[in-house]
Amino acid sequence: MTMSVDGDSSGSEDFSALIDEELAGISSDSDMFDDDEEELHCSTSVEPVAQSSDLSVHLETCAHPSLIKVMCVKCGRMVDNASAVALGYIHQDLKVDSDELARLRDKDLKSLLGKKKLYLVLDLDHTLLNSTHFHHISPDEEYLKSQIDSLHDLPNGNLFKLDSMRMFTKLRPFVRTFLKEASNMFEMYVYTMGERPYAMEMARLLDPGKIYFDSRDISQADCTQKHQKGLDVVLGAESAVIILDDTEYVWGQHKENLILVDRYHYFASSGRSFNLNNRSLSELKRDESEPDGALATILEVLKLIHHLFFDLERGDDLMRRDVRQVLKTVRSEVLRGCQLVFSRVWKKGELVEKQRLWVVAEELGAICCKELDASVTHIVATDSGTEKSRWAVKHNKFLVLPSWIEAANFLWKRQPEDSFAVNDSKKEH
């Protein structure tokens, strides 16, 4: 059920072909169904259809693994299956029973691991690209209208004017190289909270040859929980899925699978939507660095995780390995050896162990504590005049801004303290 760029068929493609084949077989049996299509799709009756004894036994014993609306694809009966999960991005109105999904995921995982691949679920806006509507273009961005790339040359373009959607889309620097190299290690999905037409159009810009995503583009309509993304609609075992997204809270049930990426704000409207008042990349007429940007950095992290998952001589069964544990292990090495004390980073009296920066620092391998002693290596502060900040200077300890932790979190690497040093101006780096 997997696809790779060398021509293997995808899970969704196989599934769609299977559904079409089964439906063709069912519709050819004029004795089994009424010719009224509306009645066929809307009836919820589960009464057996009068047939031969062999067919009746088949109908009674069918597990109804997949449905089109309420019709079982295998036997043609009308079924009310509350446990079925909608997978409309694979085939319109398709629902698959939870037990069948588990079986399919297990089968697909064996195949994928045999090719030394994992699953990679990719967010779109602010992660792989950035979009803005025509009417949101600022005066300083008007020049973009004369610099758009032709939609007839998608593989080589990076800034597009989409008249049908009334928007501009800018691909993130390095994204084409990222997708090409990532496809050697992962079967990839697009997963966006945007509507399906947007998801399909963005997938077309990123993958005009349909060699990376095929039909694996999941949109808002496919989500099973409001304002949340879930792996329940992904045909991949959670133990082998890595998620790349700029937003953490939408993955409430799958944070252990998530790699958080620094947001890509190319257009001015994008930054404003997150209350950023600085001039945008487009207004400044510059862009992220290709070799040193977010996607190039994350690609190296993905290569390391892939290597640790597959290439270590551990002697255990690949099927029992869990990429979430690999992610956790790699993250825990980023700030290992650092012992942090925070100074006036949050309001006095707040429970420090619940503060996001404290939690993130510990996930990155740092030890966070409340009291000063010789083992402390860093004071995290925004003000050089606090008692703890002065102590850091006196005892030759690192005095860094909170953004030092944030940078390590996004880049998965300890950053030079000098670049995030607290100074008398009390301004963030």
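Just so it is clear, the structure is predicted and the values come from calculations on it, not from any experiment. Both backbone and side-chain heavy atoms feed into the values below; hydrogens, waters and symmetry mates do not.
At least one donor-acceptor pair closer than 3.5 Å links the side chain of D149 to the backbone N or O of N158. Without hydrogens or angle criteria, Q220 side chain to M193 main chain gives a donor-acceptor distance under 3.5 Å. The closest donor-acceptor contact from the side chain of D207 to the backbone of K210 lies under 3.5 Å. A donor-acceptor contact shorter than 3.5 Å links the side chain of W404 to the backbone of Q415. Formation of a donor-acceptor pair under 3.5 Å by the R172 side chain with backbone atoms of L295 is not found in this model. R196 places no side-chain N or O within 3.5 Å of a backbone atom of A221 that could act as its donor or acceptor partner. D125 places a side-chain N or O within donor-acceptor distance of the main-chain N or O of S131, the cut-off being under 3.5 Å. Using modelled atom types, no side-chain atom of H64 and backbone atom of K74 make a donor-acceptor pair closer than 3.5 Å. Side chain of Y89 to main chain of V233: a donor-acceptor pair is present (N/O by atom type, distance under 3.5 Å, no hydrogens or angles). Between the side chain of K229 and the main chain of Y191, a donor-acceptor pair closer than 3.5 Å is present.
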Can you list the steps and then say if L357 with W346 is a side-chain contact (heavy atoms from CB on, under 4.5 Å)? CA-CA 10 Å; L357 275 180; W346 40 74; 4.2 Å; yes

Using the rule given for side chain to side chain donor-acceptor pair (under 3.5 Å), can you reason through S219 versus T192, listing the C-alpha separation, both sets of side-chain angles and the distance that settles it, and then say yes or no? CA-CA 5 Å; S219 61; T192 176; over 6 Å; no

Using the rule given for side-chain contact (heavy atoms from CB on, under 4.5 Å), can you reason through W391 versus V376, listing the C-alpha separation, both sets of side-chain angles and the distance that settles it, and then say yes or no? CA-CA 11 Å; W391 178 89; V376 172; 4.1 Å; yes

Mind running side-chain contact (heavy atoms from CB on, under 4.5 Å) on R77 and C75 for me, showing each step along the way? CA-CA 6 Å; R77 290 182 69 182; C75 71; 3.6 Å; yes

Residue pair N423, S384: steps toward the side chain to side chain donor-acceptor pair (under 3.5 Å) verdict: CA-CA 6 Å; N423 55 45; S384 61; over 6 Å; no

Salt bridge (charged side-chain N to carboxylate O under 4.0 Å, His left out), that's the test. Do R324 and E238 meet it? Break it down for me. CA-CA 9 Å; R324 291 169 292 193; E238 291 183 23; 3.5 Å; yes

Using side-chain contact (heavy atoms from CB on, under 4.5 Å), reason through D373 and Q339 one step at a time and then give a plain yes or no. CA-CA 10 Å; D373 61 43; Q339 187 158 323; 4.0 Å; yes

Run the salt bridge (charged side-chain N to carboxylate O under 4.0 Å, His left out) test on E181 and R176 for me, step by step, so that the C-alpha distance in whole Å, both residues' side-chain angles and the decisive distance to 0.1 Å come before the verdict. CA-CA 9 Å; E181 295 198 26; R176 297 199 187 280; over 6 Å; no

S270 vs H126, side chain to side chain donor-acceptor pair (under 3.5 Å): CA-CA, chis, key distance, verdict: CA-CA 8 Å; S270 177; H126 302 115; 2.9 Å; yes

Does the side chain to side chain donor-acceptor pair (under 3.5 Å) test come out yes or no for Y212 and K180, once each step is laid out? CA-CA 8 Å; Y212 302 136; K180 182 179 180 180; over 6 Å; no

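More than 12 heavy atoms of other shown residues, nucleotides or ligands fall within 6.0 angstrom of atom CD in Q228. Atom CD of E387 has 12 or fewer neighbouring heavy atoms from other residues, nucleotides or ligands inside a 6.0 Å radius. Environment of OH in Y249: sparse, with no more than 12 heavy atoms of neighbouring residues, nucleotides or ligands closer than 6.0 Å. Within 6.0 Å of CG in D418 there are 12 or fewer heavy atoms belonging to other residues, nucleotides or ligands. When the shell of 6.0 Å around CD of Q92 is examined, it contains 12 or fewer heavy atoms from other residues, nucleotides or ligands. Within 6.0 Å of the CD atom in E290, the count of heavy atoms belonging to other residues, nucleotides or ligands exceeds 12. Around the NZ atom of K303, the shell of radius 6.0 Å holds more than 12 heavy atoms that belong to other residues, nucleotides or ligands.
Using a 4.0 Å cut-off between charged side-chain N and carboxylate O, D99 and R103 make no salt bridge. With respect to K328 and E363, no salt bridge is recorded, no charged nitrogen being found less than 4.0 Å from a carboxylate O. A salt bridge between D93 and K95 is absent, with no side-chain N of the basic residue lying under 4.0 Å from a carboxylate O of the acidic one. Between R356 and E406, at least one side-chain nitrogen of the basic residue sits less than 4.0 Å from a carboxylate oxygen of the acidic one, meeting the salt-bridge criterion. Taking the charged nitrogens against the carboxylate oxygens, E333 and R336 do have a contact shorter than 4.0 Å, which makes a salt bridge. Look at D140 and R279 and you find a salt bridge, because one of the NZ, NE, NH1 or NH2 atoms lies within 4.0 Å of a carboxylate O, short of that distance.
Shown here for A240 and L109, the closest heavy-atom pair between the two residues is CB-CD1, 3.6 Å. Scanning all heavy atoms of the two residues, the minimum distance from I405 to L364 falls at O-CD1, 4.1 Å. Taking both residues in full, the closest heavy atoms of Y119 and A237 are given as CE1-N, 3.8 Å, listed atom of the first, atom of the second, then distance. Here the closest non-hydrogen pair linking R414 and C338 is NH1-SG, 3.5 Å.
Side chains of N277 and R272: no donor on one and acceptor on the other come within 3.5 Å.
To the nearest 0.5 Å, the span separating CG on L151 from CG on L162 amounts to 6.0 Å. Atom CG of residue L244 and atom CG of residue N257 lie 12.5 Å apart, to the nearest 0.5 angstrom. To the nearest 0.5 Å, atoms CD1 (I243) and CG (L258) are separated by 6.0 Å. Expressed to the nearest 0.5 Å, how far NZ of K285 lies from CD of Q147 amounts to 7.5 Å. One finds the OH atom of Y266 at 8.0 Å from the OG atom of S280 (value rounded to the nearest 0.5 Å). In this structure, the separation between CZ on F310 and NZ on K117 is 10.5 Å, given to the nearest 0.5 Å.
In this structure the side chain of V121 never reaches within 4.5 angstrom of the side chain of I242, judged on heavy atoms. Under the 4.5 Å side-chain criterion, counting only non-hydrogen atoms from C-beta, K370 is not in contact with V341. Taking the side chain as every heavy atom from C-beta outward, I259 and V301 approach each other to under 4.5 Å. Between D292 and F174, every side-chain heavy-atom pair lies at or beyond the 4.5 Å cut-off. By the 4.5 Å heavy-atom criterion applied to side chains, L260 and D245 are not counted as neighbours. Taking 4.5 Å as the limit, every side-chain heavy atom of E100 sits out of range of all side-chain heavy atoms of S66. V380 has its side chain out of reach of L401: every pair of non-hydrogen atoms, C-beta onward, lies at least 4.5 Å apart. The side-chain heavy atoms of M167 and Y198, taken from C-beta on, include a pair separated by under 4.5 Å.
In this structure, H254 and W251 have perpendicular ring planes: the angle between them is above 60°, well past the 30° mark.
Within the cation-pi definition used here (under 6.0 Å to the ring centroid, within 45° of the axis), K170 does not qualify as a partner of F160. By the 6.0 Å and 45° rule, R216 stacks over the aromatic ring of Y189.
Taking the ring centroids of F267 and H136, they lie at or beyond the 6.0 Å cut-off.
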